[in-house]
Peer 1: 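My structure is below; once you've seen it, I'll send some questions.
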Amino acid sequence: MGLFQKLATFLGVKKKEVNVLVVGLNNSGKSTVVNKFKNEDERVTDVVPTVGFSVERFQTFDMSGHGRYRDLWEHYYKDCHGIIFVIDSSDRLRLVVVKEELDLLLQHPDICNKKIPILFFANKMDSKEALSSVKIAAGLGLDKIMNKPWHISSSNALTGEGLQDGVEWLTQQIREMIIAKQ
Ligand SMILES: Nc1nc2c(ncn2[C@@H]2O[C@H](COP(=O)(O)OP(=O)(O)O)[C@@H](O)[C@H]2O)c(=O)[nH]1
Ligand SMILES: [Mg+2]
């Protein structure tokens, strides 16, 4: 069963009820992560056609300092249930840019007071240059995030390694959030 199929089944929700935003700098691996899920979901869709869990809900955006599309993706902050923040662990030079983007995200009016769970993928763990998830967490100051559940998983989006653990964590968080609101 595909990861997000599992998420849907576990949450007991039907189409389009859970919105997950996938963000990160360009080249961090967002499309690879989402395609991994998409492929799995498509395989499942062949087997169980009635349980559709469309990948459309996974909005993906390249964050960058150039504001051209910023309004467009920030628009999705309003209705998102969870955020997947993908980081290229081997791109040490841009970790400071990642931190700037993360800080902007956390300060955004549609995000700052909400308990939206954030899953960080310290992606490209297979690279020789990759920093550990502990170092990434320290570099980004994740311990300062007090009002949101967060979790960091090392991942290799090419093989799928680490994606499952992360998504299971996110699933549990979104589920708790939905139950708490009922
Ligand atoms: N070694 C390695 N390469 C990866 C990994 N994930 C993605 N890539 C590669 O990194 C490049 C950028 O990935 P992409 O998903 O297009 O990044 P996006 O710009 O964030 O959507 C592509 O060449 C991917 O094949 C990974 O975990 N390990
Ligand atoms: Mg992409």
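Counting convention: from 1, in listed order, for ligands and their atoms alike.
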Peer 1: S28 near ligand 1, heavy-atom distance under 4.0 Å?
Peer 2: yes

Peer 1: Counting from 1, what ligand 1 atoms have a heavy atom of N26 closer than 4.0 Å?
Peer 2: 19 (O)

Peer 1: Determine whether the side chain, the backbone, both or neither of L25 has a heavy atom under 4.0 Å from any heavy atom of ligand 1.
Peer 2: backbone

Peer 1: Quick check: do I84 and L21 have side-chain heavy atoms less than 4.5 Å from each other?
Peer 2: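 When only atoms from C-beta onward are counted, L21 and I84 do not touch, as no gap falls below 4.5 Å.
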
Peer 1: Polar-atom distance check: M125 versus ligand 1, any N or O pair below 3.5 Å?
Peer 2: no

Peer 1: Please check: side-chain N/O of N19 versus main-chain N/O of H81, any donor-acceptor pairing under 3.5 Å?
Peer 2: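 Not confirmed, N19 side chain does not pair with H81 backbone.
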
Peer 1: For residues N147 and K115, report the shortest heavy-atom separation together with the two atoms involved.
Peer 2: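 Nearest heavy atoms, N147 then K115: O-CG, 3.4 Å.
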
Peer 1: So which of V22, N27, D88 gets nearest to atom 19 (O) of ligand 1, if we judge by its closest heavy atom?
Peer 2: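 Ranked by closest heavy atom to atom 19 (O) of ligand 1, first place is N27.
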
Peer 1: For residues 113-150, which residue pairs qualify under ring pair (Phe, Tyr, Trp, His ring centres under 6.0 Å), counting only residues two or more places apart or in two chains?
Peer 2: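 Of all non-adjacent pairs touching residues 113-150, those that pass ring pair (Phe, Tyr, Trp, His ring centres under 6.0 Å) are F85-F120.
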
Peer 1: Closer than 4.0 Å to some heavy atom of T32 - which atoms of ligand 1 meet that?
Peer 2: 7 (C), 13 (O), 14 (P), 15 (O), 24 (C)

Peer 1: Considering all heavy atoms of both residues, which atom of K30 and which atom of V23 are nearest to each other, and what is their separation?
Peer 2: CD-C, 3.4 Å

Peer 1: Could you list the atoms of ligand 1 found under 4.0 angstrom from a heavy atom of N156?
Peer 2: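 Close to N156: 26 (C), 27 (O), 28 (N).
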
Peer 1: Tell me, which pairs form a salt bridge (charged side-chain N to carboxylate O under 4.0 Å, His left out) where one or both residues lie in residues 78-90, sequence neighbours left out?
Peer 2: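 Non-adjacent pairs meeting salt bridge (charged side-chain N to carboxylate O under 4.0 Å, His left out): K78-D110, D88-K124.
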
Peer 1: Could you state whether L95 and M125 fall into the same hydrophobic cluster, counting links through intermediate Ile, Leu, Val, Met, Phe, Trp or Tyr residues with side-chain heavy atoms under 4.5 angstrom apart?
Peer 2: no

Peer 1: If the cut-off is 2.8 Å, does any N/O/S atom of S31 fall short of it from the Mg ion (ligand 2)?
Peer 2: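 An N, O or S atom of S31 is closer than 2.8 Å to the Mg ion (ligand 2), so yes.
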
Peer 1: Name the option, out of V23, T159, N123, L158, that contains the heavy atom nearest to atom 6 (N) of ligand 1.
Peer 2: N123

